[in-house]
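One structure is given below, encoded as structure tokens.
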Amino acid sequence: MLAAGDGEGGGFHTPTLADFFPPAIFFEGTPFEFNRITLVRVLATFVLVTVFVLVARRATLVPGRAQGAIELVLDFVRVNIVEEIIGKKTARRHTPLLTIMFLAIFAMNITGIVPALNIAGSGVIGFPIVMAVIAYGAFIIAGVRAQGGLGYLRSALFPPGVPWPIYIILTPIEIISTFVLRPATLAIRLLVNMVAGHLLLVLCFAATHFLFLEAAAAFKAIGVVTLAAGFAFTVFEIFIAILQAYIFVLLTAVYINLSEEAH
Amino acid sequence: MDATTILAATVDGTYPLLRPATYDIVWSAVCFAIIAFALGKYALPVFTKILDERTAKIEAGLNFADEAKAMAETAAVEQEQLLREARAEAAHVRDSARNEATAIVAEARAKAAAEAERVLEAAQRQIDAERQAAAVTLRADVGTLATELASKIVGESLEDVARQSRVVDRFLDELEASALTTAKEK
């Protein structure tokens, strides 16, 4: 988006993936290379942590507005995801991790529509991979804890209730689906949603910019349409930011539940 | 943009969409670690504690309300019991008072009646006695007077007391007899 507003005046700015691979700011070439995306992530982290620590510091038994809003979110994750999917029995153990994942993913997603940031912290594969690895670890650990290492592998790879020759094809499928596709789909789903959302927004606003300022007078009216579309997609992106965080955590909860309950 | 396009772009394009750079992973992990530490070690436990406290408080409040209600019910039952006992006692007292009063009145009436009878009898007796005395006196006086009168009229002294008395008695008897016949004729 910043690129769109660079004022080059060089005609229509086509949205590309270049927005997700900006030049380094510090430490170029080291494992700590710091660029615009990283800056956005650090900012999102800072805001999220600050808000929660400040509200938690003055938390009271009778909640004020800020605390009420935060408790609403926490209740949403605890009741609508963890307790509903995993069940109340082990909900208490899994709630903190899933809540933190939900909030972190949401914070990284929502930067996509924050003015001046305008790119999702989860729009580059690193963050989705980290989240997917944590989800992967969470459901494997939950399975091992609930059924023991061998018990978990047996229930995951040799689901009971089928005649044994079926395992010849079923077990490889289960290996791939459980231990490869689950984390991969988690990461890729989140990533491409954020990338696509960003490209859509850039497309709308770059077109509006071009139509209003540079196109022939006859086309300026169309700029109103693209502006309206840009606004609509911004609202939509807010929804997507919440939805993707929800889906990610929901699926993690489902995987944890599947690991804990033998087939 | 489907997956194959993305993958193709990854393989030969300039932008490795699905291939993470080391720094990308590092910074993502650092950010998540900070979030996880701050929220997991500080913020979430605070909210969980408050939530538990609130739940406990609400439960305590509900229990207290139940207890208070039960207590109120017991008190109401007790009160009703007391009221019923008090009413029964009051009725008992009233009844016994009424009985006592009736007894007292009856006794008083009997006593009064006896007294009245006694007084009446005494009066009667006195009257009888007085009449007797009056009759005796009268008889003597009338005798004397009549004798004196007769002697004066007859000129003869009836000094002999026995005779005198006899004459008087006869006279009186005649008088009485005549009075009797007059009364009979009437």
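In what follows, chains carry the letters A, B, and so on, assigned in the order in which the sequence lines appear, proteins first and then strands, with residues in each chain numbered from 1.
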Should the heavy atoms of other residues, nucleotides or ligands under 6.0 Å from [atom1] of [X] be counted, would the total exceed 12?
X	atom1	answer
B:Q79	CD	no
B:R139	CZ	no
B:Y42	OH	yes
A:F106	CZ	yes
A:F76	CZ	yes
B:R84	CZ	yes
A:F27	CZ	no

Quiz prompt | A:I125/B:D24 under side-chain contact (heavy atoms from CB on, under 4.5 Å): CA gap, chis, key distance, verdict | solution = CA-CA 8 Å; A:I125 192 67; B:D24 189 11; 3.9 Å; yes

Shortest non-hydrogen contact from [X] to [Y]?
X	Y	answer
B:I34	A:T45	CG2-CG2, 3.8 Å
A:V130	B:S28	CG2-CB, 3.7 Å
A:A56	B:A43	CB-CA, 3.9 Å
A:L191	B:L17	CD2-O, 3.7 Å
B:P20	A:I129	CG-CD1, 3.5 Å

Quiz item: Which bit of B:L44 comes within less than 4.5 Å of chain A, counting heavy atoms only: side chain, backbone, both or neither?
Solution: side chain

Quiz prompt | Structural part of B:K57 lying under 4.5 Å from a heavy atom of chain A | solution = side chain

Measure distances from [X] to the heavy atoms of chain B and classify the residue's part below 4.5 Å as side chain, backbone, both or neither.
X	answer
A:T60	backbone
A:T30	backbone
A:I188	side chain
A:R57	both
A:M101	both
A:P63	both
A:A18	both

Self-check item: Heavy-atom pairs under 4.5 Å with chain B, option from A:P96, A:G126, A:A107 with the top count
Solution: A:G126

Practice problem: Please determine, among A:A187, A:A24, A:A59, A:P128, the option with the most heavy-atom pairs under 4.5 Å with chain B. | Solution: A:A59

Min side-chain heavy-atom separation [X]-[Y] under 4.5 Å:
X	Y	answer
A:E33	B:T22	no
A:V55	B:F47	yes
A:L103	B:I35	no
B:I50	A:Q67	yes
B:I25	A:F127	no

Exercise. For side-chain contact (heavy atoms from CB on, under 4.5 Å), just list the numbers for A:V49 and B:F37, CA-CA rounded to whole Å, side-chain angles, deciding distance to a tenth of an Å, and then say yes or no.
Key: CA-CA 9 Å; A:V49 167; B:F37 183 77; over 6 Å; no

Quiz item: Relative to each other, are the rings of B:W27 and A:F34 parallel, tilted or perpendicular (30° and 60° limits)?
Solution: perpendicular

Self-check item: side-chain contact (heavy atoms from CB on, under 4.5 Å) assessment of A:D75 paired with B:L51
Solution: CA-CA 10 Å; A:D75 268 7; B:L51 193 76; 4.3 Å; yes

Quiz item: Atom CZ in B:F32, atom CZ in A:R41: separation rounded to 0.5 Å?
Solution: 13.0 Å

Quiz prompt | A:Y255: partners by side-chain hydrogen bond (donor to acceptor under 3.5 Å, both in side chains), with sequence neighbours left out | solution = none

